Amino acid sequence: MSLLPYLDVGLALLIVGVAVWIIAARDLFASVVSYVAYGLLLAFVWIRLYAPDVALTEAAVGGGVTGVLLITAGKRLGALKSIAPEAQPGLAFKLLIGVLAALVAGALGAVIMMLPDPPPSLAPEAAAAAAGAGAGLGNPITAVLISYRSFDTMLEKIVLILAVVGVWSVGTDKAWGDTPAPFRRPKPYAPMVFLAQMLAPIGALIGIHIFWVGANAPGGAFQGGALLAAMWMVTMMARLVEPPRVDAQWLRLALVAGPAVFLIAGLAGEVVAGSFFAYPPGLAKPIILVIEAFMLVSITAALPMLVAGPPSERSEQ
Amino acid sequence: MTPSVLAGLVGAALVGLGLYGLIIHPHPLRKLLAFNLIGSGVFLVFGLVARRGAAAGFAFDPVPQAMVITGIVVAFAASAVAVALILRLAVEAGRVTLDPEAWSRPKGEDAK
Amino acid sequence: MIELLDLFCFAAISAGTFFFFAGTVGLLRFPDSLTRMHALAKADNLGLGLVALGLILRADSALSALKLIVIWALVLLSGASTAQLIGRALRRGRK
Amino acid sequence: MSELLFLAAGLIVLTVAVGLARILRGSDDVERLMAVQLLGTGGIAALLLIAYATNVPGVEDVALGLALLAAFATIAFINLIDAEQGDIEA
């Protein structure tokens with residue numbers, strides 16, 4: 001008689017409960033804060049699914065960085081007190097949508113109960129990729145990301161850049177080239193400066209450690225980059241470093257470095273190893289390491305820019 | 001019922017909840033939260049598929065898990081763009097709404 | 001010897017669980033925000049600390065054990081500093 | 001022994017969830033943030049307990065990440081409040 005099933009069911013109920021609260025809460029900010037808690041609970045489920053890599057990504061990106069993004073948005077929107085209470089949909093409409101949503105969830109649930117047996121799996125191919133082209137990578141997920149499905153990973157980095165471009169382009173013309181707004185404080189505040197000074201070096205160390213062990217253990221450029229990005233944001237919030245102007249050359253170079261290096265390596269594979277994104281055997285590990293290092297730089301640069309939002313003009317004083 | 005099937009069912013429930021919230025809520029940020037719920041529900045179903053596909057000496061199929069990692073980052077990027085749009089919309093319109101008629105009414109003269 | 005270590009692990013984890021329990025009771029029973037924050041700090045600092053201490057004995061390697069200590073230290077640092085920040089925000093909010 | 005770890009993890013998640021429910025129903029934004037911090041700490045503890053009992057490798061790194069980000073939301077929130085109110089005393 002094990003306690004584990006009860007724990008799993010309890011956890012599942014808790015997650016669904018928090019999700020219901022996100023949807024049902026009257027207050028906008030309560031809903032946003034619950035979402036941060038929800039991201040944390042999801043990390044748990046991923047541990048139970050034997051996916052520590054995903055748990056780490058969920059904790060860092062899903063819970064941490066997204067949480068700050070949403071809290072910033074929620075607080076700023078909540079400050080707009082002029083909002084008239086919007087017309088809520090009527091009860092009949094809500095009921096109808098409820099039935100529709102329940103049907104969709106039920107259908108999905110039925111599909112889940114009827115998944116094919118034996119389950120299809122790409123694991124053998126991924127294992128081959130880890131042993132072949134991604135030589136020397138003990139972590140199969142890193143092997144998949146960087147070798148077996150390398151094209152996906154590169155395009156995903158390009159999506160990040162496109163998102164940064166999208167966010168920046170929402171700003172006003174007058175503010176173009178200036179720094180993003182949310183990290184500006186009037187004055188440094190001692191306890192926050194202390195916290196940032198203690199946290200940032202340790203955090204940078206941990207971020208690089210997680211990036212480095214990613215070859216063989218849970219971790220990698222995504223997770224390490226997200227932690228480094230979080231630490232950069234903390235130092236900016238404490239006014240230890242100034243946020244960069246969005247037209248700064250080094251910032252743009254850092255943003256593009258990851259996908260650019262990835263693309264060059266991919267094209268070089270066509271010439272050297274005979275196919276696009278093939279790595280020459282023997283050199284695979286160092287090449288992958290270089291690509292990952294530049295991706296780390298790009299992720300670290302992109303995430304804070306996405307959270308900070310478009311550039312906005314400094315108020316003239 | 002194994003823990004992974006349970007996680008998959010939680011994913012299905014989250015998709016349903018998110019869909020409901022996405023349609024019901026007039027507030028764009030609430031819609032964004034609901035949309036993220038749908039996303040994470042789908043990721044959990046991927047997690048179930050990955051766990052079921054355990055083979056070749058792994059406790060899981062690494063391909064769906066790697067796709068979820070990519071997905072989480074892309075979902076974050078999309079959320080960031082959405083938040084930027086919502087904030088700009090709020091600044092321009094002076095109120096937070098997706099109601100197209102709000103634009104034709106002058107500021108301050110909100111719906112009764 | 002093994003039993004002695006297990007006993008220590010058991011004791012530390014039980015004590016840690018107790019402090020989480022105490023933190024929540026404080027959260028439910030205390031009258032205002034500042035005292036509730038005080039209750040939470042117990043869960044943060046002692047609860048997690050004792051659980052980490054109990055698990056150190058079961059860690060696979062010295063590096064894992066070190067990481068457990070760093071986790072505790074990080075939470076101590078953040079807990080203490082954010083208590084300061086939150087306390088100030090609460091005090092200002094009431095003016 | 002692992003049953004004991006599950007029991008401890010379950011109790012921690014339960015108490016933390018009760019605290020979370022209590023605070024989320026309240027009306028103070030700062031207290032809501034405190035609740036998330038409590039969930040963060042309890043979450044790290046329960047995560048470590050469960051992972052040690054089920055032998056998932058590399059979980060210390062997940063907990064490290066969570067511990068590192070424990071204060072992140074709070075810092076951002078306090079920063080926003082300060083930016084709104086201006087630094088009157090500081």
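For clarity, every value in this text was computed on a predicted model and none was experimentally measured. First the proteins, then the strands, lettered A, B, ... as listed; each starts at 1.
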Chi angles and distances behind the side chain to side chain contact (heavy atoms under 4.5 Å, CB included) call for B:Leu9, A:Met113: CA-CA 9 Å; B:Leu9 290 179; A:Met113 300 311 287; 4.1 Å; yes
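- Side-chain atoms of B:His25 come within 3.5 Å of backbone atoms of A:Ile23 as a donor-acceptor pair (strictly under, hydrogens ignored).
- With respect to chain A, the highest number of heavy-atom pairs below 4.5 Å among B:Ala34, B:Gly71, B:Gly47, B:Gly21 belongs to B:Gly47.
- Side chain to side chain, A:Thr66 and A:Tyr35 fail the donor-acceptor criterion of an N or O pair below 3.5 Å.
- A 6.0 Å sphere centred on OH of A:Tyr50 holds more than 12 heavy atoms belonging to other residues, nucleotides or ligands.
- The main-chain N or O of A:Leu255 is found under 3.5 Å from a side-chain atom of A:Ser298 such that the two form a donor-acceptor pair.
- Annotation: side chain of A:Leu69 is in contact with side chain of B:Phe76 (closest heavy-atom distance under 4.5 Å).
- In this structure, chain B has no heavy atom under 4.5 Å from any part of A:Ala226.
- Aromatic ring centres of B:Phe46 and B:Phe43: separated by at least 6.0 Å.
- Heavy-atom pairs under 4.5 Å with chain B peak, among A:Ala107, A:Ala25, A:Gly106, at A:Ala25.
- Among the candidates B:Val15, B:Leu48, B:Thr70, B:Leu32, the residue making the largest number of heavy-atom pairs closer than 4.5 Å to chain A is B:Thr70.
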Return a table of donor-acceptor pairs under 3.5 angstrom between the side chains of residues 78-88 of chain B and protein atoms on other chains or two or more places apart.
{"unit_1": "B:Ser79", "atom_1": "OG", "unit_2": "B:Asn36", "atom_2": "OD1", "d": "3.4"}
{"unit_1": "B:Ser79", "atom_1": "OG", "unit_2": "B:Asn36", "atom_2": "ND2", "d": "3.2"}
{"unit_1": "B:Ser79", "atom_1": "OG", "unit_2": "B:Ala75", "atom_2": "O", "d": "2.9"}
{"unit_1": "B:Arg88", "atom_1": "NE", "unit_2": "B:Glu92", "atom_2": "OE2", "d": "3.3"}
{"unit_1": "B:Arg88", "atom_1": "NH1", "unit_2": "A:Val170", "atom_2": "O", "d": "2.5"}
{"unit_1": "B:Arg88", "atom_1": "NH1", "unit_2": "A:Gly171", "atom_2": "O", "d": "3.4"}
{"unit_1": "B:Arg88", "atom_1": "NH2", "unit_2": "B:Glu92", "atom_2": "OE2", "d": "2.9"}

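- At least one donor-acceptor pair closer than 3.5 Å links the side chain of B:Arg30 to the backbone N or O of A:Ile22.
- With respect to chain B, the highest number of heavy-atom pairs below 4.5 Å among A:Ile15, A:Leu56, A:Leu28 belongs to A:Leu28.
- The contact between A:Val104 and chain B is made entirely by side chain atoms (from C-beta outward), counting heavy-atom distances below 4.5 Å.
- Taking CZ from A:Phe29 and CG from B:Leu29, the interatomic distance works out to 11.0 Å, rounded to the nearest 0.5 Å.
- Using a 4.5 Å heavy-atom cut-off against chain B, the contacting residues of residues 158-166 of chain A are A:Val159, A:Leu160, A:Ala163.
- With a 4.5 angstrom heavy-atom cutoff, B:Leu37 touches chain A via backbone and side-chain atoms both.
- Applying the side-chain hydrogen bond (donor to acceptor under 3.5 Å, both in side chains) test to A:Arg48 and every residue at least two apart in sequence or in another chain returns A:Asp8.
- The choice from A:Gly98, A:Ser31, A:Ala19, A:Ala302 that makes the most heavy-atom pairs within less than 4.5 Å of chain B is A:Ser31.
- B:Val68 touches chain A through its side chain: at least one heavy atom from C-beta onward sits under 4.5 Å away, while N, CA, C and O do not.
- For A:Gln223, the side-chain hydrogen bond (donor to acceptor under 3.5 Å, both in side chains) partners at least two apart in sequence or on another chain are A:Thr57.
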Show the numbers, then the answer: is there a side chain to side chain contact (heavy atoms under 4.5 Å, CB included) between A:Val45 and B:Val10? CA-CA 10 Å; A:Val45 181; B:Val10 169; over 6 Å; no
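- Side-chain atoms of B:Lys31 come within 3.5 Å of backbone atoms of B:Leu22 as a donor-acceptor pair (strictly under, hydrogens ignored).
- Between chain B and the residues A:Val167, A:Ile97, A:Leu108, the largest count of heavy-atom pairs under 4.5 Å involves A:Ile97.
- Contacts of A:Trp46 with chain B are made by side-chain atoms alone, with heavy-atom separations under 4.5 Å and no backbone atom involved.
- Contact detail for A:Trp168 and A:Pro310: the closest heavy-atom pair is O-CB, 4.2 Å.
- For a residue to count as touching a neighbouring chain, one of its non-hydrogen atoms must lie under 4.5 Å from one of that chain's; by this rule A:Val111 does not touch chain B.
- Contact of A:Leu42 with chain B is made through the side chain alone, with heavy-atom distances under 4.5 Å.
- Interface check for chain A: of the options B:Leu17, B:Leu19, B:Ile69, the most heavy-atom pairs under 4.5 Å are formed by B:Ile69.
- Contacts of A:Leu155 with chain B are absent, with no heavy-atom separation under 4.5 Å from either backbone or side chain.
- The candidate from A:Val32, A:Val61, A:Val65, A:Val54 with the greatest count of non-hydrogen atom pairs under 4.5 Å with chain B is A:Val54.
- Neither the backbone nor the side chain of A:Ala102 comes within less than 4.5 Å of any heavy atom in chain B.
- Ranked by non-hydrogen atom pairs under 4.5 Å with chain B, the options A:Gly220, A:Pro5, A:Ala101 are led by A:Ala101.
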